[in-house]
Amino acid sequence: MIDTSKYIKVINPSDLDDIINSKVISFDIESCNADIYDKSNRILSISFSCIEGESKVVIIRDNNIELLSKVKNILENVATTKVVAARPFDESIVKEKLGIEVKGNIIDVLTMAHVIDENYTINLENVANKYTSLKNIKEVAEGKRDSLKDAEDGLLVRYNGVDSDATLRCFNALKNRYDKRLKRYYQYFVQPVQNMLSEISTNGCYINKEVLKSNELELLILQDKYEKETLSFIPEEIKEKYKSNLKLTRSIILSEYLFIHEKGLKLKPQMFTGKTKKPSLDEKHLKCFSKVPFIKSLLKYRKVGKLLKPYIFRLWESIKKDGCIYPNILLICTVTGRTVILNPSIQTYPKRGEFAKYIRQAIETTEGWLFGTRDLAQSELRIMGWLANDPTILKALKDKIDLHIKTAESLGITRQEAKAINFGFIYAQSAKGFKIYAKNEYDIDFSMEESENYRDTFFNTYPRLLPYHSKLISETRKNGYSESPLGRRRHLPDIKLGLDGRRLGKEEFMKRISAERQAINSPIQSFSSDLGLIAMMLFNKEIKERGLSEHIKILWFIHDDIMFRAKKEYIIEAHEILRDCLSTKAPEYIKKYFDITVGYPIESEGKVGKNWSEMKSISI
DNA sequence: GGGGCCAGGTTTTACG
DNA sequence: CGTAAAACCT
């Protein structure tokens, strides 16, 4: 049982004196819901801890002015370090609902935990269970959490109190687990980037609802048309059999019509699903029969449906009262340090194909503003060439020869094919993997021998890649984790399977070679992402220092692409600043704080546009 | 003895 | 309710 006897409701401002006098405090907010920009949402209480096992909980819904001013003093005191769980929620909601700007160093214990071990679900309860003696903190809610709004003070105090207590205990436990290298990664990468992400989280992006509505209507009409058209091909016998729930999304109906039923198409399946070995129904396989009118129609129906449900309908849900979206950028989510964007999940928005414009047109700037994007040119290939010290890649970069063209020339294939080969082989794809890949992507049948030849030619062209792969694998085996140049770690226990000489079963063997490829990919992918984020952080800093905060607003980062909006008259300047942050300031920062010289030219390409559908390249 | 979709994600739907 | 498959992104 959790001892909640020292979680105390604050009555007088003086009850908070120990908090205001502490160097390190934790705090936690309870609100009606998780949506900061929801007008009906409000803060219920705020809890502080400065000693493990104790919490001071201020009930905000009582609206005690005297207490609120004390809370403001605490949160705005630059001299105290504030520890929270899950930035930037607490600081953002305090700013939005109470107008209080949290100042001083803000540290997120969930981030601290993720940097130590990226392989498990991060939430306060898990972290507390793993690192502290405070177990199962959800217990204090007595199994109910949905009605905190009307909960009696006692429950609110316990519920809120345990969170700030757990947060403080996690902080104390986790800081002892940081060695020098992790500390450096945290201090000079994680912390400043998280501060930047918190700052830009309030830079909304306008959505043109008229455009969205009319595109949606157009798609709904198309969807209806394709559905009727597709269904009309299916014979009555099959329709009758499934009449209780006749839908084109049901695999059983499609399979029966395509492959099985006497009155159906009787097609011979060529590709099968991974786990269950059923005839595949995905686009790739269906395209093998692209002459069949039913399949053409079905694929269109699917495309339109895909655009409507996850993209257009979900986008509506993300638009706030002011007509803007405020996407949530997560820094601690993926095992390699790539960011994830949610609400809406814009990093998956279609970019190519005839339907992409239906969603991207609605993401539009307001009058007088323009979007700018800048993406890192061939980021991961360049990083691989640098870290492997591969003479061919480094020379091509020096001579400004496109790396995909270089591969295309060496292997006697097109640039597009070379692109796929580059991305496959730099992360140690096998000849057999390549054979399957070439079949899937280009419908080219290579013999095993031809595939092996391509692989051999590739690695002869870039001779330092294989030795570098071996080095990464052996280092990861030794340490149990791979490490990026800046010090981000990826724990890969499976890489040690079979090293004791034990014969491995197929499954275990697959786990091991998968871990080996991950060991090769992780440091590269991680560094690429970190570099972009450092540049973004420096861009943000530069914007503030030049007094341009009202004219340039950073929006988000999609793996190698930074997106911002700027007033028309500042768009050129914004691009110039960001370009310099990427190619010059970021490597300077990395040299200064990590003592690493980035050994390849960092180049980026800029685009500008009124909406996200029609972005045009610019020569800056 | 050889095995093998390059890696990292989100969201939706159907199904047992 | 968890898993698999599908479709979208870098």
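Naming convention: chains lettered A, B, ... in sequence-line order (proteins, then strands); numbering from 1 in each chain.
For A:Thr249, whose side chain is taken as the heavy atoms from C-beta onward, the closest listed nucleotide among B:dA14, C:dT10, C:dC8 is B:dA14. Closest to the side chain of A:Lys309, from the set B:dT12, C:dA7, B:dG4, is B:dT12. Candidate nucleotides C:dA6, B:dA14, B:dG9 were compared by shortest atom distance to the side chain of A:Leu281, and C:dA6 ranks first. Comparing B:dA7, B:dT11, B:dG8 by their nearest atom to the side chain of A:Leu342 picks out B:dT11. The A:Arg302 side chain lies nearest to C:dA7 when the options are B:dT10, B:dA7, C:dA7. In this structure, the nucleotide among B:dA7, B:dT11, B:dG4 sitting nearest to the side chain of A:Ile513 is B:dG4. Side-chain proximity of A:Val335 to B:dT12, C:dC8, B:dG9: nearest is B:dG9.
Rounded to an integer number of Å, the gap from CD of A:Gln347 to C1' of B:dA7 is 15 Å. Whole-Å rounding puts the A:Arg314 CZ to B:dT13 C1' distance at 14 Å. The distance between atom CD of A:Glu516 and atom P of B:dA7, rounded to the nearest whole Å, is 12 Å. Protein atom CG of A:Leu381 is 12 Å distant from nucleotide atom C1' of B:dC6, rounded to whole Å. Taking atom CG of A:Leu254 as the reference point, atom P of C:dA7 lies 11 Å away to the nearest angstrom. Following rounding to the nearest Å, A:Phe434 (CZ) and B:dG3 (P) show an atom-to-atom distance of 17 Å. The distance from atom CD of A:Glu256 to atom P of B:dA14 is 17 Å, rounded to the nearest whole Å. Spacing between atom CD1 of A:Ile295 and atom P of C:dA6 amounts to 13 Å, rounded to whole angstrom units.
Contact annotation: A:Arg250 side-chain N/O to C:dA6 OP1/OP2 distance is not under 4.0 Å. Applying the 4.0 Å criterion to OP1 and OP2 of B:dT11, one finds that A:Thr348 has every side-chain N and O outside that range. A close approach under 4.0 Å does not occur between any side-chain nitrogen or oxygen of A:Gln429 and OP1 or OP2 of B:dG4. At C:dA5, one or more side-chain N or O atoms of A:Thr276 fall inside 4.0 Å of OP1 or OP2 (strictly under the cut-off). For the OP1/OP2 pair of B:dG2 and a distance below 4.0 Å, the side-chain nitrogens and oxygens of A:Lys432 include no atom meeting the criterion. The phosphate of B:dG4 has neither OP1 nor OP2 within less than 4.0 Å of any side-chain N or O from A:Lys511. Contact between the side-chain N/O atoms of A:Lys351 and the OP1/OP2 oxygens of C:dT10 is found at a separation under 4.0 Å. The shortest distance between the side-chain N/O atoms of A:Lys306 and the OP1/OP2 oxygens of C:dA7 is not below 4.0 Å.
Atom-to-atom distance recorded for A:Glu216:CD and A:Leu307:CG is 10.5 Å, nearest 0.5 angstrom. Taken from CD1 in A:Ile618 to NZ in A:Lys607, the straight-line distance is 11.0 Å, to the nearest 0.5 Å.
By the 4.0 Å N-to-carboxylate-O rule, A:Glu283 lies close enough to A:Lys287 to be salt-bridged with it. For the pair A:Glu483 and A:Arg490, the salt-bridge criterion is not met [side-chain N within less than 4.0 Å of a carboxylate O].
Ring geometry, A:Trp612 versus A:Tyr349: the interplanar angle falls from 30° to 60°, so the pair is classed tilted. Between A:Phe289 and A:Phe259, the angle of the ring planes goes over 60°, which puts this pair in the perpendicular group of the 30/60° scheme.
Taking the C1' atom of each, C:dA6 and B:dG4 are spaced 23 Å apart, rounded to whole Å. A distance of about 13 Å separates the P atoms of C:dA5 and B:dC5, rounded to the whole Å.
Between the side chain of A:Arg338 and the base of C:dT10, a donor-acceptor pair under 3.5 Å is found.
Across all strands, A:Ile252 comes closer than 4.0 Å only to sugar-phosphate atoms, never to a base (heavy-atom distances). Counting any heavy atom pair closer than 4.0 Å across all strands shown, A:Glu283 reaches sugar-phosphate atoms only and no base atom. If you check every strand for non-hydrogen atoms under 4.0 Å, A:Ile341 touches nothing. Among the protein residues, A:Ser280 comes within range of the sugar-phosphate backbone only, with heavy atoms under 4.0 Å from sugar or phosphate atoms but none that close to a base. Across all strands shown, A:Leu504 has heavy atoms under 4.0 Å from base atoms, whether or not it also approaches the sugar-phosphate. Residue A:Lys506 is classed as a base contact, given a heavy-atom separation below 4.0 Å to a base. Contacts of A:Arg490 with the nucleic acid, taken as non-hydrogen atoms under 4.0 Å apart, involve only primed sugar atoms and P, OP1 or OP2. Counting any heavy atom pair closer than 4.0 Å across all strands shown, A:Gly505 reaches a base atom. Across all strands, A:Tyr349 comes closer than 4.0 Å only to sugar-phosphate atoms, never to a base (heavy-atom distances). Residue contacts shown for A:Lys278 are absent, as no nucleic acid heavy atom lies under 4.0 Å away.
Nearest-nucleotide positions on DNA chain B for A:Gln525 and A:Met510 put A:Met510 closer to the 5' end.
A:Tyr427 does not qualify as a stacking partner of the B:dA7 base, lacking a centre-to-centre distance under 5.5 Å together with planes within 30°.
If you look at A:Phe458 and A:Tyr462, their ring centroids are closer than 6.0 Å.
Between the side chain of A:Ser447 and the backbone N or O of A:Glu450, at least one donor-acceptor pair lies under 3.5 Å.
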